[in-house]
Amino acid sequence: MDILESMKRRHSVRQYKDIPIEADLVAALNEEIDAINKESGLHFQLILNEPKAFDSFMAHYGRFTGVSNYIALVGKKSKDLQERCGYFGERLVMKAHEMGLHTCWVALTYKKIPGVIKIDKGEALTVVISIGHGKNRGLARKTKTCEEVSNVSVSSPEWFRLGVEAALTAPTAMNQQKFYLTYADGNVTAKALLGPYSKMDLGIVKYHFEMVTNKKI
């Protein structure tokens, strides 16, 4: 299966089975997190067997059940922290998908449990990603067209259209897809439009585009 097809098959999952993540998968996830933290300077953390963060009214309102494992996206405060967390967080999401695990980006419908996530001075927790064995594979969502989120046209190179298709498979807050990709003179620029967590969404979108096209934005 190519990476674009894998992106299309991955869906957000909010209901999880009450079974632990296998030790070999935990080791692989922590290895990937260590690599990301070393490369990016971020402070991502895998939290296991901790159900209290999703045992709240907001979590139940968000239809989350059975969540006891999640990834905390932490990093030093900066203007681009959300975008970088989006980019490298989605790298973890796709890694988990390849392992047969299920995930969901979570911005508000969880609570911070004191002493669980390590947040050093000058750092901030942006969002978390629930992870585990889902009760289902999730559902496909409605999506905009390539023309609505980019200047793609009949004269655009095929790789740009494929990159836009990949961007449209990226999970975004409330499925808002508030981004725009522009191709000009062989280069691509990406812009976050107005919307909640749109800067983080832009990082996720960039990851999808770059993985399919092998071209940096």
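The two residues Asn30 and Leu46 make their nearest non-hydrogen contact at OD1-CB, 3.6 Å. Of all the heavy atoms in Cys104 and Ser12, the pair that sits closest is SG-CB, 3.9 Å. The nearest pair of heavy atoms linking Val13 to Asn136 is CG2-O, 3.5 Å.
Between Glu22 and His133, the side chains place a donor N or O and an acceptor N or O closer than 3.5 Å (distance only, hydrogens not considered). A donor and an acceptor atom, one from each side chain of Tyr70 and Glu50, are located under 3.5 Å apart. Side-chain contact, Arg10 with Thr169: no donor N or O sits under 3.5 Å from an acceptor N or O.
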Apply the test side chain to side chain contact (heavy atoms under 4.5 Å, CB included) to residues Val212 and Met7: give CA-CA distance (whole Å), side-chain angles for both, the deciding distance (0.1 Å), then the verdict.
CA-CA 10 Å; Val212 167; Met7 289 172 174; 3.9 Å; yes

Would you check, one step at a time, whether the test side chain to side chain contact (heavy atoms under 4.5 Å, CB included) holds for Asn69 with Asn49?
CA-CA 6 Å; Asn69 310 297; Asn49 306 313; 4.1 Å; yes

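Side-chain contact check for Tyr87 versus Leu42: every heavy-atom pair is 4.5 Å or farther apart. Side-chain contact between Lys112 and Ile117 is absent, with no heavy atoms from C-beta onward closer than 4.5 Å.
One hydrophobic cluster, built from ILVMFWY side chains closer than 4.5 Å, holds both Val127 and Met94.
Between the Tyr180 side chain and the Val149 main chain, no donor and acceptor come within less than 3.5 Å of each other. Distance alone, capped at 3.5 Å, places no donor-acceptor pair between the Asp120 side chain and the Glu123 backbone. Between the side chain of Glu83 and the backbone N or O of Asp80, no donor-acceptor pair lies under 3.5 Å.
In summary, Lys206 and Glu90 do not engage in a salt bridge, as defined by a charged side-chain N under 4.0 Å from a carboxylate O.
Ring geometry for Trp159 against Tyr183 counts as perpendicular: the plane angle is over 60°, on a 0 to 90° scale with 30° as the lower cut.
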